Visitor: 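I am attaching a structure below and will ask some questions about it afterwards.
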Protein chains: 2
Amino acid sequence: MSVSVRNVADKAGVSVGTVSNVLNRPEKVAKATVERVTAAIAELGFVRNDAARQLRAGRSRSIGLSVLDIGNPFFTDVARGAEDRARDAGLSVLLANSDEDAAREDEHLDLFAEQRVFGILLTPVGARPERLESLRRQGTPTVLVDRQTDSSDFSSVAVDDVAGGYMAVKHLLDIGRRRIVFVGGPARIRQVADRLEGAQKAVAEVSDATLDVVLEDSLSVLRGRAAGERLCARPASNRPDAVFAANDLLAMGLLQAFAMLGSIRVPDDVALIGYDDIDFTRASVVPLSSVRQPSHEIGHTAVDLLLRENAEGEDFTHEQFVFQPELVVRESTSDGS
Amino acid sequence: MSVSVRNVADKAGVSVGTVSNVLNRPEKVAKATVERVTAAIAELGFVRNDAARQLRAGRSRSIGLSVLDIGNPFFTDVARGAEDRARDAGLSVLLANSDEDAAREDEHLDLFAEQRVFGILLTPVGARPERLESLRRQGTPTVLVDRQTDSSDFSSVAVDDVAGGYMAVKHLLDIGRRRIVFVGGPARIRQVADRLEGAQKAVAEVSDATLDVVLEDSLSVLRGRAAGERLCARPASNRPDAVFAANDLLAMGLLQAFAMLGSIRVPDDVALIGYDDIDFTRASVVPLSSVRQPSHEIGHTAVDLLLRENAEGEDFTHEQFVFQPELVVRESTSDGS
DNA sequence: GGCCACTGCTGAAACGATTCATACCTCCCT
DNA sequence: AGGGAGGTATGAATCGTTTCAGCAGTGGCC
């Protein structure tokens, strides 16, 4: 059926070992032989069988990456960062989308295990300590992405979301807003919980400020729009003067609702700030203030940690990277003065 | 090192063949035996080695999907559609991003070949007949996605982009615009060329209408912004009264530029229409008119074709699916009356 | 009793690349 | 001449799963 090293070897009049050497350490093989083998490979259209290679090697040369939402540009940026770094190291990235669904995440992790991946980058759905424990036992190097951990069993690359939440709401307070609403996703998502915590911290520092919490069941444009419609439906007296959305997708949805229903002007009536600073925010109805995360670098760093863990073996101490977010102020929170 | 069927077999007191049967056709094995083996598997923490499985089977149970731009929500939607369908069939999807770069695409295709993937879904960068030819020779079932083909060697799933381009510009003409600019990406991308062709067809039907073509080197928000800035820099007399952008990312960028520089109002001065109808367009400065493609369904159908080609073997006749796009009118092309 | 059918299980062979101990040359040095 | 070193090439063993021909045991039927 398929052309194998055996066929190449016969054609070139050498042994299979030599073909393998040409493939993997050509410097060990005489020049003339390399040429003969190379010619045979080309002529027969030989393509290495990765399964056989992996079987022998014991592990694959792919990194598994499971993200929460592939429709969120933040995660695709992280994926890009990871892929760039992986390429340099001769590895490839298997991108899997859990869609914030634990069952789906499990499926993907099982698949990664069966594939004996080189390592796993995981943005876990919720805490799921039992899953992490089983990953640890399994021995595949795993880096938690966009999630801090106090466990010394895993490396992690995260952004300080508490600081990000704080900085967003502090900014709203600084421009004089006091009745603030936090629009988030399911509390089981750690990013949401942390950003909320930061928001609460900022509010606590100003005596007459209040924070109202609205939780949607996912962090999508659609859910943001729904939340926005509900806010618009409130009597004007009961409306916030600022909204902090847990990510830009929600913020875009809120903006859509405000713009469509026309009853709330941004930033005059309500100041709005999102999170992630995705590319689209600059083109939204009102350019959106946001909290920027170094997404590309997160992906980079995560792969670096994986590579180091792999190189150093047993005596590798797991590292916890925490990046600082950055406030990006645009029109949606301009103070109008 | 790793636990194998051998170990499980020993533990359960059966042969390796039986363990394999429990894994793959439990109905052929006596109930008590199944239980014993299952228990042994659980106790030892046995995880199937996919490489060995693949080696034996001759091919993997993954579908390779290469997309042009993973940052474009249109493609992630296609990917989602493909993954949903693949899951049902017990397959998984390897998502690869070519970033409109032929070299990268080649790397991914080579990788797919080495992995002996079940099939390939490809949104090719440009025409690249030689690449397609080598895929065909290689024998891996391949479906061209978002690209029509007249070759009977491949199935394809596409949207009629000429019709889409026609319908976008026809709409601009219908609301009374005459000096139209097409902002596209590199002409080697077939989608761009087809949409332009449709646009030209529509313009040709109206005697006093003109079509100006501006080509950027990628279909991104950033490039759209650059194009927008250049349009703003033109003297008012030389400006178009409508712009058709080859995709929504470009359109969003144009909108950003118009809004930031403030010298062009949408739709009053310039009507704007995009392509793809991604989720974000509804939340843009001015809700964006667009041409919708059934992205999810495209992914679905592509996988279906792959499965059928696989099931029917030699006597499978390659099919060319062509979906019709749909015009979505929003504020950015309202005629102001 | 002899034969057949059926169920349940066995274990060797096969998939294809890589590794490694071994062997063969040449050349050079003593 | 003998021995060592260095450069090349060999091919059997190995990785872990699946497949399949075949064996044993049981029960039914004539």
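These figures come from a predicted structure and were not determined experimentally. To find a chain, count down the sequence lines: A is the first, B the second, and so on, and within it residues start at 1.
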Visitor: Nearest to the side chain of A/Leu55, which nucleotide is it out of C/dA14, C/dG16, C/dA17?
Guide: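 Closest nucleotide to the A/Leu55 side chain: C/dG16.
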
Visitor: In whole Å, what is the span from the CZ atom of B/Arg59 to the P atom of D/dT18?
Guide: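 These atoms are roughly 17 Å apart.
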
Visitor: Give the rounded distance in Å between these two atoms: CD of B/Gln54 and P of C/dG16.
Guide: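 Distance check: B/Gln54 CD to C/dG16 P gives 13 Å.
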
Visitor: What contact category does A/Val19 fall into here, base, sugar-phosphate, or nothing, at under 4.0 angstrom with non-hydrogen atoms?
Guide: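 Nothing, no heavy atom under 4.0 Å.
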
Visitor: Once you round it to whole Å, what is the distance between P of D/dA9 and NZ of A/Lys31?
Guide: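 Rounding to the nearest Å, NZ of A/Lys31 and P of D/dA9 are 14 Å apart.
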
Visitor: Using the side-chain heavy atoms of A/Ser2, tell me which of these nucleotides is nearest: D/dT10, C/dT18, C/dG16.
Guide: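 The closest nucleotide is C/dG16.
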
Visitor: Among the nucleotides C/dG11, C/dG8, D/dG16, which one has an atom lying closest to any side-chain atom of B/Ala30?
Guide: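 Nucleotide nearest to B/Ala30's side chain: C/dG8.
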
Visitor: Using whole Å, what does the distance between atom C1' of nucleotide D/dT10 and atom CG of A/Asn21 come to?
Guide: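 Roughly 10 Å, once rounded to whole Å.
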
Visitor: Please determine which of B/Thr301, B/Asp77, B/Asp84 meets the side chain to side chain donor-acceptor pair (under 3.5 Å) test together with B/His296.
Guide: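 Looking at B/Thr301, B/Asp77, B/Asp84, the match for B/His296 under the side chain to side chain donor-acceptor pair (under 3.5 Å) is B/Asp84.
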
Visitor: For A/Arg53 and C/dT18, is the shortest distance between a side-chain N/O and OP1 or OP2 below 4.0 Å?
Guide: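 Yes.
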
Visitor: Can you tell me if B/Thr33 touches the phosphate of C/dG8, counting only side-chain N or O atoms and a distance under 4.0 Å to OP1 or OP2?
Guide: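 Answer no for this pair, as no side-chain N or O of B/Thr33 is under 4.0 Å from OP1 or OP2.
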
Visitor: Does B/Asn72 use its side chain to pair, donor to acceptor, with the backbone of B/Phe74 at less than 3.5 Å?
Guide: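 Flag set: sc B/Asn72 to bb B/Phe74 pair under 3.5 Å.
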
Visitor: Checking B/Ser2 against A/Arg116: is there a side-chain donor and acceptor pair closer than 3.5 Å?
Guide: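 Present: a donor and an acceptor within the cut-off.
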
Visitor: In whole angstrom, what separates B/Asn7's CG from D/dT17's C1'?
Guide: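 Going from B/Asn7 (CG) to D/dT17 (C1'), I get 13 Å.
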
Visitor: Describe the nucleic acid contact of A/Arg25 in one word from base, sugar-phosphate, nothing, applying a heavy-atom distance below 4.0 Å.
Guide: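 The answer is sugar-phosphate, as A/Arg25 gets under 4.0 Å only of primed atoms, P, OP1 or OP2.
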
Visitor: Would you state whether a donor and an acceptor, one from the side chain of B/Arg56 and one from the base of D/dT18, lie under 3.5 Å apart?
Guide: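 When only heavy-atom distances are counted, B/Arg56 does reach the base of D/dT18 through a donor-acceptor pair under 3.5 Å.
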
Visitor: Need one value for B/Asn24: base, sugar-phosphate or nothing, where a base atom within 4.0 Å counts as base even if backbone is also close, heavy atoms only.
Guide: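 Sugar-phosphate: the residue B/Asn24, judged by heavy atoms under 4.0 Å, touches backbone atoms but no base.
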
Visitor: Base, sugar-phosphate, or nothing for B/Arg116, non-hydrogen atoms under 4.0 angstrom?
Guide: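 Nothing: the residue B/Arg116, judged by heavy atoms under 4.0 Å, touches no strand.
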
Visitor: Is the phosphate of D/dT10, meaning OP1 or OP2, less than 4.0 Å from a side-chain N or O of A/Thr18?
Guide: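 Looking at the OP1 and OP2 atoms of D/dT10, one of them is under 4.0 Å from a side-chain N or O of A/Thr18.
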
Visitor: Please report, rounded to the nearest Å, how far the P atom of C/dG16 is from the CD1 atom of A/Ile41.
Guide: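 So the CD1-P distance, A/Ile41 to C/dG16, works out to 16 Å.
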
Visitor: If each of A/Ser20 and B/Arg36 is mapped to the nucleotide of DNA chain C with the nearest heavy atom, which maps nearer the 5' terminus, i.e. the 5' end?
Guide: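 Looking at DNA chain C, the more 5' nearest nucleotide goes with B/Arg36.
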
Visitor: Just compare D/dT10, D/dT17, C/dT19 and give me whichever is closest to any side-chain atom of B/Phe46.
Guide: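 Comparing D/dT10, D/dT17, C/dT19 against the side chain of B/Phe46, the answer is D/dT17.
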
Visitor: In whole angstroms, how far is the P atom of C/dT10 from the CG atom of B/Asp10?
Guide: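 Whole-Å distance recorded here is 11 Å.
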
Visitor: Is A/Arg190 reaching over with its side chain to a backbone N or O of A/Asp146, donor-acceptor style, under 3.5 angstrom?
Guide: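 Here the side-chain-to-backbone pair exists.
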
Visitor: Identify whether any heavy atom of B/Ser4 sits under 4.0 Å from a base atom; if not, whether one sits that close to sugar-phosphate; answer base, sugar-phosphate or nothing.
Guide: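 Sugar-phosphate contact only - B/Ser4 comes under 4.0 Å of backbone atoms but never of a base.
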
Visitor: Given D/dT10, D/dC15, C/dT10, identify the nucleotide with an atom nearest to the side chain of B/Val14.
Guide: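 Minimum distance to the B/Val14 side chain belongs to C/dT10.
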
Visitor: Which atom pair, heavy atoms only, marks the closest approach of A/Ser66 to A/Glu105?
Guide: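 For A/Ser66 and A/Glu105, the tightest heavy-atom pair comes out as OG-CG, 4.3 Å.
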
Visitor: Choose from C/dT18, C/dG11, D/dT17 the nucleotide whose nearest atom is closest to any side-chain atom of A/Val16.
Guide: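 The nucleotide sitting nearest to the side chain is C/dT18.
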
Visitor: Measuring to OP1 and OP2 of D/dT18, would you say a side-chain N or O of B/Arg48 lies under 4.0 angstrom away?
Guide: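 Yes, because at least one side-chain N or O of B/Arg48 sits under 4.0 Å from OP1 or OP2 of D/dT18.
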
Visitor: Think A/Arg6 has a side-chain N or O under 4.0 angstrom from the OP1 or OP2 of C/dC15?
Guide: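 For C/dC15, OP1/OP2 do not have a side-chain N/O of A/Arg6 under 4.0 Å.
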
Visitor: Round to a whole Å and report the spacing from CD of B/Glu114 to P of C/dA17.
Guide: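 The distance from CD of B/Glu114 to P of C/dA17 comes to 10 Å, rounded to the nearest Å.
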
Visitor: Which residue, B/Ile70, B/Thr123, B/Val145, forms the side-chain contact (heavy atoms from CB on, under 4.5 Å) with B/Phe75?
Guide: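 Exactly one option meets the side-chain contact (heavy atoms from CB on, under 4.5 Å) with B/Phe75, and it is B/Thr123.
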
